[in-house]
Amino acid sequence: QVQLVESGGGLVQPGGSLRLSCAASGSMFSIYDMGWYRQAPGKQRELVARINGGGTISYADSVKGRFTISRDNAKNMVYLQMNSLKPEDTAVYYCNAGLLGVSRWGQGTQVTVSS
């Protein structure tokens, strides 16, 4: 059973960058579908980016061209490189692992984009 721990959040000015990391414990990490979600105050949690076990990647339209998801199966890690950050990117970001209908979540990391 995979467990997830996010890190890398913080306060950044508009136009800045952050790199989020998600460390996964447990076996069979390479076949999990991994994703980054975010939830802003008063809003529903939304998908930001996902990468499946085969390496296929998809992004929310709002982050295309600015965010990059990647994974390192040897290290059981998933990353989200966030560039050109905007105030509307402010949210708690969650790492998600999915396999055969079972979904696991990390505790989340806060990203605040403000001047």
Side-chain angles (χ1 to χ4, degrees):
Q1 188 172 358
V2 68
Q3 294 184 326
L4 306 171
V5 178
E6 302 97 335
S7 61
L11 173 64
V12 63
Q13 292 186 342
S17 298
L18 282 175
R19 188 195 196 203
L20 304 184
S21 299
C22 173
S25 63
S27 60
M28 302 172 62
F29 170 80
S30 64
I31 67 172
Y32 275 82
D33 295 334
M34 301 300 299
W36 286 98
Y37 289 71
R38 67 186 180 187
Q39 188 166 17
K43 295 187 177 181
Q44 289 189 328
R45 192 172 297 189
E46 63 176 0
L47 175 66
V48 175
R50 64 159 56 106
I51 180 169
N52 68 13
T56 300
I57 291 172
S58 60
Y59 296 99
D61 288 344
S62 59
V63 306
K64 282 181 181 177
R66 300 188 298 122
F67 291 11
T68 303
I69 189 171
S70 61
R71 66 191 297 165
D72 184 338
N73 290 334
K75 296 181 178 179
N76 280 18
M77 296 290 295
V78 178
Y79 306 99
L80 185 69
Q81 178 67 43
M82 305 186 294
N83 299 329
S84 303
L85 283 160
K86 304 175 181 180
E88 51 264 42
D89 295 317
T90 295
V92 178
Y93 284 70
Y94 297 90
C95 182
N96 175 269
L99 182 65
L100 299 177
V102 178
S103 187
R104 295 284 182 260
W105 295 92
Q107 83 288 350
T109 185
Q110 176 70 46
V111 172
T112 302
V113 185
S114 175
S115 55

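Under the 4.5 Å side-chain criterion, counting only non-hydrogen atoms from C-beta, Leu99 is in contact with Ile31. The side-chain heavy atoms of Pro87 and Pro14, taken from C-beta on, include a pair separated by under 4.5 Å. Two residues are said to be in side-chain contact when any heavy atoms from C-beta on lie closer than 4.5 Å; Thr109 and Val92 fail this criterion. Put simply, the side chain of Val12 does not reach to within 4.5 Å of the side chain of Met82, judged on heavy atoms. Put simply, the side chain of Leu80 does not reach to within 4.5 Å of the side chain of Thr68, judged on heavy atoms.
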*Decide ring-ring contact (aromatic ring centres under 6.0 Å, His included) for Trp105 and Tyr37; before the verdict, give the C-alpha distance in whole Å, the side-chain angles of both, and the deciding distance to 0.1 Å.*
CA-CA 10 Å; Trp105 295 92; Tyr37 289 71; 4.9 Å; yes
*Test Leu4 against Tyr94 for side-chain contact (heavy atoms from CB on, under 4.5 Å), laying out the working first.*
CA-CA 9 Å; Leu4 306 171; Tyr94 297 90; over 6 Å; no
*Residues Val78, Ile69; criterion side-chain contact (heavy atoms from CB on, under 4.5 Å); working and verdict*: CA-CA 7 Å; Val78 178; Ile69 189 171; 4.1 Å; yes
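In the hydrophobic clustering of this structure, Ile57 does not group with Leu47; members are Ile, Leu, Val, Met, Phe, Trp, Tyr whose side-chain heavy atoms approach within less than 4.5 Å, directly or through other members. A chain of hydrophobic side-chain contacts below 4.5 Å, direct or via other Ile, Leu, Val, Met, Phe, Trp or Tyr residues, connects Trp36 to Ile51. Clustering ILVMFWY residues whenever any of their side-chain heavy atoms sit less than 4.5 angstrom apart, transitively, puts Leu100 in the very cluster that holds Tyr32. Cluster membership for Met34 and Met28, using ILVMFWY side-chain heavy atoms within less than 4.5 angstrom, is shared. Note: the hydrophobic cluster containing Val111 also contains Val63 (ILVMFWY, side chain heavy atoms under 4.5 Å, direct or indirect links).
Here the closest heavy-atom approach between residue Asn96 and residue Ser103 is recorded as ND2-OG, 2.6 Å. Heavy atoms only, all atoms of each residue included: Val2 and Ala24 are closest at CG2-CB, 3.7 Å. Annotation for Ala40 and Ala91: closest pair N-CB, 3.8 Å, computed over non-hydrogen atoms.
Between the side chains of Arg38 and Tyr93, at least one donor N or O lies within less than 3.5 Å of an accepting N or O. Counting only N and O atoms by type, the side chains of Arg71 and Asn73 include a donor and acceptor under 3.5 Å apart.
The main-chain N or O of Gly108 is found under 3.5 Å from a side-chain atom of Glu6 such that the two form a donor-acceptor pair. Judged by distance alone, with hydrogens and angles left aside, the side-chain atoms of Thr90 form a donor-acceptor pair with the main-chain N or O of Val113 at under 3.5 Å.
Applying the side-chain hydrogen bond (donor to acceptor under 3.5 Å, both in side chains) rule to pairs touching residues 7-29 yields Ser17-Asn83, sequence neighbours excluded.
Under a 4.0 Å N-O distance rule, the pair Lys86/Asp89 does not qualify as a salt bridge.
Atom CD of Gln107 has more than 12 heavy atoms from other residues, nucleotides or ligands within 6.0 Å. With a 6.0 Å radius and a threshold of 12 heavy atoms from other residues, nucleotides or ligands, Gln3 has its CD atom at or below the threshold.
To the nearest 0.5 Å, the span separating CD on Glu46 from CD on Gln44 amounts to 9.5 Å. Atom-to-atom distance recorded for Ser114:OG and Leu11:CG is 6.5 Å, nearest 0.5 angstrom.
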